[in-house]
Amino acid sequence: MSVRNKLGRRALRAAIRARLQAGVADDLPLCIFDFAERHHGVEVWFVDIPSLEGMYQKGSPGRLLISSHRTPGRQAMTCAHELGHHVFGHGTQVDEYVEDARLSHNLAPEELVVRLFASFLLMPAPAVHRIFKLLGSDVGALDAGEVLAASHYLGASYEGLIQHMRWSLNLIDEVAASRLLKASRKSIVTNILGEVPPAELVIAGTHWTGRAIDLSVGDLCLLPAGLQVGDDAIELSRSLPDGDLYVARRQGTTRVEHPGLGWASYVRVSQSRFSGRNVYRHMEAPDECR
């Protein structure tokens with residue numbers, strides 16, 4: 001058995017154990033930032049450091065530092081990665097930002113096991129199968145938009161989901177993976193919106209259960225048409241063929257509901273490029289409290 005396979009099995013066992021101990025089913029998504037704090041006794045901090053990817057600071061309590069300059073999916077993957085260092089009892093670790101992901105080959109075993117742990121924790125096979133079933137997708141013929149929507153739901157990056165499906169879950173072959181990786185998130189979102197995206201877009205819908213929809217001020221969210229919205233934390237922008245487009249206007253939490261479809265969800269909005277501890281991310285700013 002290769003070293004990678006041995007580390008993969010170790011990472012998978014640790015990810016399964018982490019979900020079992022937290023009581024989180026393996027076919028549901030999780031918010032990794034909340035998960036780390038609630039079930040592993042660490043503090044999660046978002047920091048305004050452009051050159052940093054993430055950092056695990058060993059201590060009592062341990063701290064996971066995540067750069068506020070990354071995309072939501074990348075932040076989630078990084079948080080799960082740094083949590084892996086904590087789970088496996090590693091010392092303080094610092095990850096710098098590397099623009100070209102191809103330069104991350106030849107990882108040390110300590111880094112490889114936490115990278116695999118992060119993928120298995122965020123994207124267990126039952127959860128991946130379930131989301132594509134809910135989306136009505138054929139795993140053998142996925143399009144980029146379906147994969148992007150699935151990555152949003154799972155709380156992972158678009159590229160990370162593709163790589164995980166190819167190399168760890170063996171759900172797609174190299175040809176399909178290469179085809180999907182050629183589509184950038186910007187081009188996918190441009191195709192959905194009919195224009196170059198002015199901000200991050202989260203694709204949500206009746207498939208979204210098990211966790212809140214998380215946005216930052218200025219982000220866009222594609223939701224089912226005909227929603228009832230709790231307050232002005234999000235505001236309807238315009239209607240599209242696939243649903244209604246909302247924009248996140250202010251920090252806080254609201255509820256969206258579609259009685260006709262029997263679906264509802266909470267939407268949590270943080271400051272743009274929020275810096276601070278995770279537990280305060282979605283609290284209303286003092287001048288917005290009523």
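Legend: residues meeting salt bridge (Lys or Arg N to Asp or Glu O under 4.0 Å) with R281, ordered by chain and number and at least two apart, are D214.
Taken together through direct or relayed side-chain contacts under 4.5 Å among Ile, Leu, Val, Met, Phe, Trp and Tyr, Y266 and V279 form parts of separate hydrophobic clusters.
When side chains are defined from C-beta on, R63 does not count as touching V42, because their heavy atoms never get closer than 4.5 Å. Residues V269 and T253 are not in side-chain contact: their nearest non-hydrogen atoms beyond the backbone lie 4.5 Å or more apart. F117 has its side chain out of reach of L12: every pair of non-hydrogen atoms, C-beta onward, lies at least 4.5 Å apart. For the pair K186 and V196, the minimum side-chain heavy-atom distance is below 4.5 Å. For the pair P109/L7, a side-chain contact is recorded, criterion being any heavy-atom separation below 4.5 Å from C-beta on. Side-chain contact check for T71 versus E200: some heavy-atom pair is nearer than 4.5 Å. With a 4.5 Å cut-off on side-chain heavy atoms, Q251 and E284 do not count as touching. Counting only heavy atoms from C-beta outward, the side chains of L142 and F132 approach each other to under 4.5 Å.
Aromatic ring centres of F120 and H164 lie closer together than 6.0 Å. A distance below 6.0 Å separates the ring centres of H40 and F35. Here F33 and F46 bring their ring centres to under 6.0 angstrom of each other.
Residues A149 and L135 share a closest heavy-atom pair of CB-CD1, 4.3 Å. The nearest pair of heavy atoms linking L245 to L220 is CD1-CB, 4.0 Å. Taking every heavy atom of both residues into account, V87 and A14 meet most closely at CG1-CB, 4.5 Å. What you find for G91 and Y56 is that their closest heavy atoms are O-CD2, 3.4 Å.
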Pair D231-R250, salt bridge (Lys or Arg N to Asp or Glu O under 4.0 Å): steps then yes or no | CA-CA 10 Å; D231 58 38; R250 65 167 180 82; 3.4 Å; yes
Could you walk me through whether S187 and T190 pass side-chain hydrogen bond (donor to acceptor under 3.5 Å, both in side chains), step by step?
-> CA-CA 5 Å; S187 66; T190 298; over 6 Å; no
Going through the checks in order, is the side-chain hydrogen bond (donor to acceptor under 3.5 Å, both in side chains) test met by E43 and Q57?
-> CA-CA 10 Å; E43 295 180 355; Q57 187 177 52; over 6 Å; no
Does the pair E159 and R74 meet the rule for a salt bridge (Lys or Arg N to Asp or Glu O under 4.0 Å), with working shown?
-> CA-CA 9 Å; E159 297 82 4; R74 191 159 185 158; over 6 Å; no
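Look at R179 and D173 and you find no salt bridge, because none of the NZ, NE, NH1 or NH2 atoms lies under 4.0 Å from a carboxylate O. For the pair D34 and R268, the salt-bridge criterion is met [side-chain N within less than 4.0 Å of a carboxylate O].
No side-chain N or O of R238 forms a donor-acceptor pair with one of Y246 less than 3.5 Å apart. H69 and D48 share a side-chain donor-acceptor pair at under 3.5 Å. A side-chain donor from one of S270 and S216 sits under 3.5 Å from a side-chain acceptor of the other.
Using the six-membered ring where Trp is involved, H85 and H81 have ring planes that are perpendicular, over 60° apart on the 30 and 60° scheme.
D27 contributes atom CG, which lies 11.5 Å from atom NE2 of H129 (distance to the nearest 0.5 angstrom).
Just one residue in the list I213, L227, T254 forms a side chain to side chain contact (heavy atoms under 4.5 Å, CB included) with S265, and that residue is I213. Screening E110, H86, E82 for a side-chain hydrogen bond (donor to acceptor under 3.5 Å, both in side chains) with Q93, the sole residue that qualifies is E110.
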